[in-house]
Amino acid sequence: MDVNASAEADLAARFEEHRARLNAVAYRMLGSVSESEDAVQEAWFRLSRTRAAATAAATAPAAAKATATASGPGEVRNLGAWLTTVVGRICLDLLRSRQSRREESLDVSLETHVPDPVVGRVDVVDPEQEALRADSVGLALLVVLETLAPAERLAFVLHDMFAVPFDEIALIVERTPAATRQLASRARRRVQGSTPAHERDVAKQREVVEAWTAATKAGDFDALLELLDPDVVLRSDTGELSSGLSKLVRGAATVAAQATMFARLAAHQHVVLVNGMPGLVAAPGGEVFSLGSFTVVDGKIVEINIIADPERLRSLGLPSFEA
C-alpha cells in the first residue's frame, strides 16, 4: 500500500470513530434517516477533499505552498469538532432548502408531517435505540423541532443535545455568540412548552401500548377513552394531503372513534421499538401498512404519531413480520 492509500485508510478509520455521533447529530437536525446518512457521507467527502488539498499543499513548490497555506483549508486538528461543524452546516443548508420547498408546495403540511422514526425489535439490544431513549428523542420531540426555524433548530440541537459551545455554533449560523444563544433559548422555550415529561420506562409504556391494542381489537370505546388523555393528539401522515387521509385529530373521544374504525388491523399489530420506546407496526399479511408511536404521560396517551405512507415505510428498513 502506498503512502497516500495508507493515509486515506487511516483517515477513513478515524472518520468511522465519529460516525455514530455524526449520525446522531444529523438525525436530530433533520428527522430523516436517509437525509441524515447523506449528510454524514457528504461530510466524509469534504474531509477527504480537505486532506487531499492539505497533502497537495505540503508537496507543492515553496511559492505554491505559500499560496496554498494562505488560501487552503490546511490540516484538520480537532477532527471531531471539525466534522460536527461540517455536518451542522450541511444540515442547516438542507433545512433551509426544505423550508423553501414547503413554502412552494401545496402537498406538504407540518401539521400532519411525521418525521422518520428509527425502528427496532423489542427483543434486541440496540445501542442506537438506547441512545434515543436516553436522550428522549421521540417522534413527539422531532415534530416540535420541525416547527423551528433552521438556525434555531441547529443552535438547540448542537448546544442542548451535544454541548457544542455557542462560539462554535455562531460560526455556522453566521451570528454573534450572544445572538446564537438567543436562538437556542427561543427553541428551548418552544420545546419545553410543547413536549411534556413523558414515560421513559419501556415496560410501563409497553403495558399501555398492549392495552391500546387489546381495546382497539375489541372495539371497546370506553377502554380506549380510559387510556387517552382528554387532550390527546393523533397525527396521521399518509404522504399526501390531496387524498384527505393525512390528518390531525384532537380530543379523546374523536381519537377513540378513529381507532375503532381500524379494529381489523389490531389483530395484525406487532410491538416494536420506535426511537427507543414501544410502538406498533400493523402488518396484515406480513406487509407493513402503518407504524405508530405513542407518547405516554402518567399512564395516559397524550400523542400518537402514525406513518401510513407506503413509500416511506419501505425506506425505513423495518423488521419483517409473519403473515
Side-chain angles (χ1 to χ4, degrees), residues 10-33 35-55 57 68-100 115 127-128 131-132 134-137 141-142 144-192 195:
D10 178 64
L11 187 66
R14 293 174 61 201
F15 178 83
E16 289 302 318
E17 293 174 2
H18 297 279
R19 183 182 287 275
R21 173 184 166 87
L22 298 176
N23 276 328
V25 170
Y27 177 66
R28 287 153 179 78
M29 280 291 301
L30 300 171
S32 165
V33 174
E35 287 186 351
S36 300
E37 292 172 349
D38 290 345
V40 172
Q41 194 62 26
E42 175 61 24
W44 161 250
F45 293 144
R46 295 188 186 186
L47 176 63
S48 184
R49 290 196 295 267
T50 296
R51 187 201 69 82
T55 300
T69 301
S71 60
E75 183 179 355
V76 176
R77 289 181 170 81
N78 185 335
L79 184 59
W82 188 90
L83 286 169
T84 299
T85 298
V86 169
V87 167
R89 286 198 176 105
I90 294 168
C91 290
L92 184 60
D93 289 343
L94 287 170
L95 287 174
R96 286 170 173 166
S97 175
R98 182 192 294 174
Q99 185 178 53
S100 297
E128 185 174 18
L132 290 167
D135 293 345
S136 297
V137 185
L141 171 61
L142 292 175
V144 176
L145 292 181
E146 289 284 310
T147 67
L148 302 178
E152 289 177 344
R153 184 168 185 169
L154 182 136
F156 174 78
V157 169
L158 290 187
H159 181 267
D160 285 37
M161 295 184 172
F162 295 95
V164 177
F166 284 121
D167 287 353
E168 296 179 19
I169 301 171
L171 297 175
I172 304 174
V173 296
E174 299 179 335
R175 310 278 183 94
T176 65
T180 304
R181 187 184 298 272
Q182 286 301 311
L183 289 174
S185 179
R186 287 199 298 270
R188 192 179 304 117
R189 288 195 297 271
R190 178 80 64 84
V191 169
Q192 292 174 346
T195 53

Heavy-atom pair with the smallest gap, counting every atom of [X] and [Y]:
| X | Y | result |
| --- | --- | --- |
| Arg153 | Arg28 | NH2-O, 3.1 Å |
| Val164 | His159 | O-CD2, 3.5 Å |
| Thr147 | Val144 | OG1-O, 2.6 Å |
| Leu11 | Arg51 | CD2-CD, 3.4 Å |
| Ala43 | Val87 | CB-CG2, 3.7 Å |
| Ala155 | Leu183 | CB-CB, 3.9 Å |

Quick one, [X] and [Y] - any side-chain contact, counting heavy atoms below 4.5 Å?
| X | Y | value |
| --- | --- | --- |
| Val173 | Leu154 | yes |
| Phe15 | Val40 | yes |
| Phe156 | Met161 | yes |
| Thr84 | Arg21 | yes |
| Glu152 | Arg188 | no |
| Ile90 | Asp38 | no |
| Glu146 | Arg98 | yes |

Take Arg19 and Glu128 through the salt bridge (charged side-chain N to carboxylate O under 4.0 Å, His left out) test and state the conclusion after the steps.
CA-CA 12 Å; Arg19 183 182 287 275; Glu128 185 174 18; over 6 Å; no

Can you check whether [Y]'s main-chain N or O pairs, donor with acceptor, with [X]'s side chain at less than 3.5 Å?
| X | Y | answer |
| --- | --- | --- |
| Thr195 | Val191 | yes |
| Ser97 | Asp93 | no |
| Ser48 | Trp44 | no |
| Glu168 | Pro165 | no |

Please step through salt bridge (charged side-chain N to carboxylate O under 4.0 Å, His left out) for the pair Glu17 and Arg14, ending with a clear verdict.
CA-CA 5 Å; Glu17 293 174 2; Arg14 293 174 61 201; 6.0 Å; no

If you draw a 6.0 Å radius around CD in Glu174, do more than 12 non-hydrogen atoms from other residues or ligands fall strictly inside?
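Incorrect, the count does not exceed 12.
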
Atom pair [atom1] ([X]) and [atom2] ([Y]), whose distance is rounded to the nearest 0.5 Å:
| X | Y | atom1 | atom2 | answer |
| --- | --- | --- | --- | --- |
| Ile169 | Thr180 | CD1 | OG1 | 7.0 Å |
| Asp167 | Thr176 | CG | OG1 | 10.0 Å |
| Ile172 | Leu158 | CD1 | CG | 5.5 Å |
| Leu30 | Cys91 | CG | SG | 4.0 Å |
| His18 | Leu79 | NE2 | CG | 4.0 Å |
| Leu148 | Arg186 | CG | CZ | 10.0 Å |

Does any donor atom in the side chain of Ser185 or Arg189 lie under 3.5 Å from an acceptor atom in the other side chain?
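Side chains of Ser185 and Arg189: pair found under 3.5 Å.
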
